[in-house]
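Data block below; observations after.
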Amino acid sequence: MTAGGDEFEFLCRMGDNALVLGQRLSEWCGSAPALEEDIALANTALDLLGQAKMWLDLAAEVEDAGRTSDDLAMKRDVMDFRNLLLVERPNGDFGHTMTRQFLFDSWHVEMLKELADSKDARIAEISAKSAKEARYHVERSAETVIGLGDGTPESHSRMQTALNELWSYVGEMFHDDEVDMSMARSKLAPLPSNLRSGFDRRFRKVVEAATLIPPTGAYAHLGGKNGIRHTEHLGHILTQMQWLQRAYPESEW
Amino acid sequence: MSDNGRDSSVHERREWPLWEIFIRGMHGLNHRHVGSLHAADAEMAMKNARDVYTRRNEGVSIWVVKSRHIAASSPSDKGPFYEPSRSKAYRHPTFFDIPEEAGAM
């Protein structure tokens with residue numbers, strides 16, 4: 001049991017995933033390889049930012065300690081963030097970003113689908129709304145993975161490299177810890193491990209169509225969603241994202 | 001020269017083809033041309049159109065057509081093409097008295 005309770009902890013995980021990945025994607029704004037991709041990525045980033053707001057609003061409400069979603073997003077430091085390690089990974093090249101996106105989206109759609117049946121109506125509502133966005137995200141990222149994987153020798157090798165590099169960050173998405181088990185017992189959220197088969201089905205299909213070799217390593221980096229061991233990259237993201245509040249505390253517009 | 005020619009052909013192949021985008025709005029009956037964009041295939045053109053042109057909930061249906069499939073009249077033909085109809089006012093059905101019972105037309 002954590003300070004704000006397991007539900008608060010879980011909501012921070014959902015919110016922080018969306019917030020950090022949204023921030024990461026927005027780094028592409030103005031520099032994606034094509035105007036169309038630039039706008040599409042910015043749209044996805046904004047979708048995720050909107051979702052982060054909904055989750056963190058609810059987290060603040062559940063915590064009931066006088067904090068707002070803005071406080072949670074802008075005034076917490078690295079060790080208080082609860083996002084998966086995968087989403088704080090640097091963008092790398094465009095193929096790397098889209099591979100990371102595909103891995104996250106494939107988990108995200110399964111998670112949101114199950115969460116839409118949550119016993120907490122507020123969770124169910126946010127999930128139903130977000131699921132529509134996530135379904136589009138995964139369609140788009142999957143097709144890009146296929147297009148680049150089954151593309152030129154250059155794009156193929158970059159996609160294989162990206163997949164190999166990111167693979168050890170996949171396991172955390174399906175790792176059950178105490179918060180997850182407590183959420184599942186209360187029928188508020190699914191067990192992450194139960195989402196694996198849905199993820200695998202999509203993953204196998206897309207990776208095969210992309211002519212990529214699925215990595216087989218079982219090792220998984222852990223420590224993001226419980227906040228115990230974030231990578232050094234998260235600190236850099238927060239420095240940029242929270243800069244204004246750090247330099248000019250309490251400023252508003 | 002030949003080197004340049006080869007480079008530009010490689011470049012052309014690498015560039016995604018151009019597509020013209022038509023969107024039927026919430027209340028519109030017809031698809032309207034909204035602009036163009038680049039995409040590798042029709043499926044991708046549709047997705048790009050969704051992201052570029054329907055961000056503010058503009059559309060309910062999208063058509064995409066490769067720009068090269070659109071035959072357009074050329075500006076230099078403007079004279080012979082359009083002017084002859086300018087003086088033929090009788091082609092507009094404005095000389096008829098509309099009977100009362102027909103109502104508004």
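In the text below, chain A, chain B and the rest are named by the order of the sequence lines, each starting its count at 1.
- Counting heavy-atom neighbours within 6.0 Å of Glu125(A) CD, excluding the residue itself, gives a total of 12 or less.
- When the shell of 6.0 Å around CD of Glu61(A) is examined, it contains more than 12 heavy atoms from other residues, nucleotides or ligands.
- Residues satisfying the ring-ring contact (aromatic ring centres under 6.0 Å, His included) criterion with His31(B), sequence neighbours excluded, are Trp63(B).
- Other residues, nucleotides and ligands place more than 12 heavy atoms under 6.0 Å from the CZ atom of Arg122(A).
- Using a 4.5 Å cut-off between non-hydrogen atoms, the part of residues 40-49 of chain B that approaches chain A consists of Glu43(B), Met44(B), Lys47(B), Asn48(B).
- Scanning residues 29-46 of chain A against chain B with a 4.5 Å non-hydrogen threshold yields Ala34(A), Glu36(A), Glu37(A), Ile39(A), Ala40(A), Asn43(A), Leu46(A), sorted by number.
- Contact annotation for residues 132-147 of chain A against chain B (heavy-atom separation below 4.5 Å, listed by residue number): Tyr136(A), Glu139(A), Arg140(A), Glu143(A).
- Heavy atoms from other residues, nucleotides or ligands lying under 6.0 Å from CG of Leu18(B) number more than 12.
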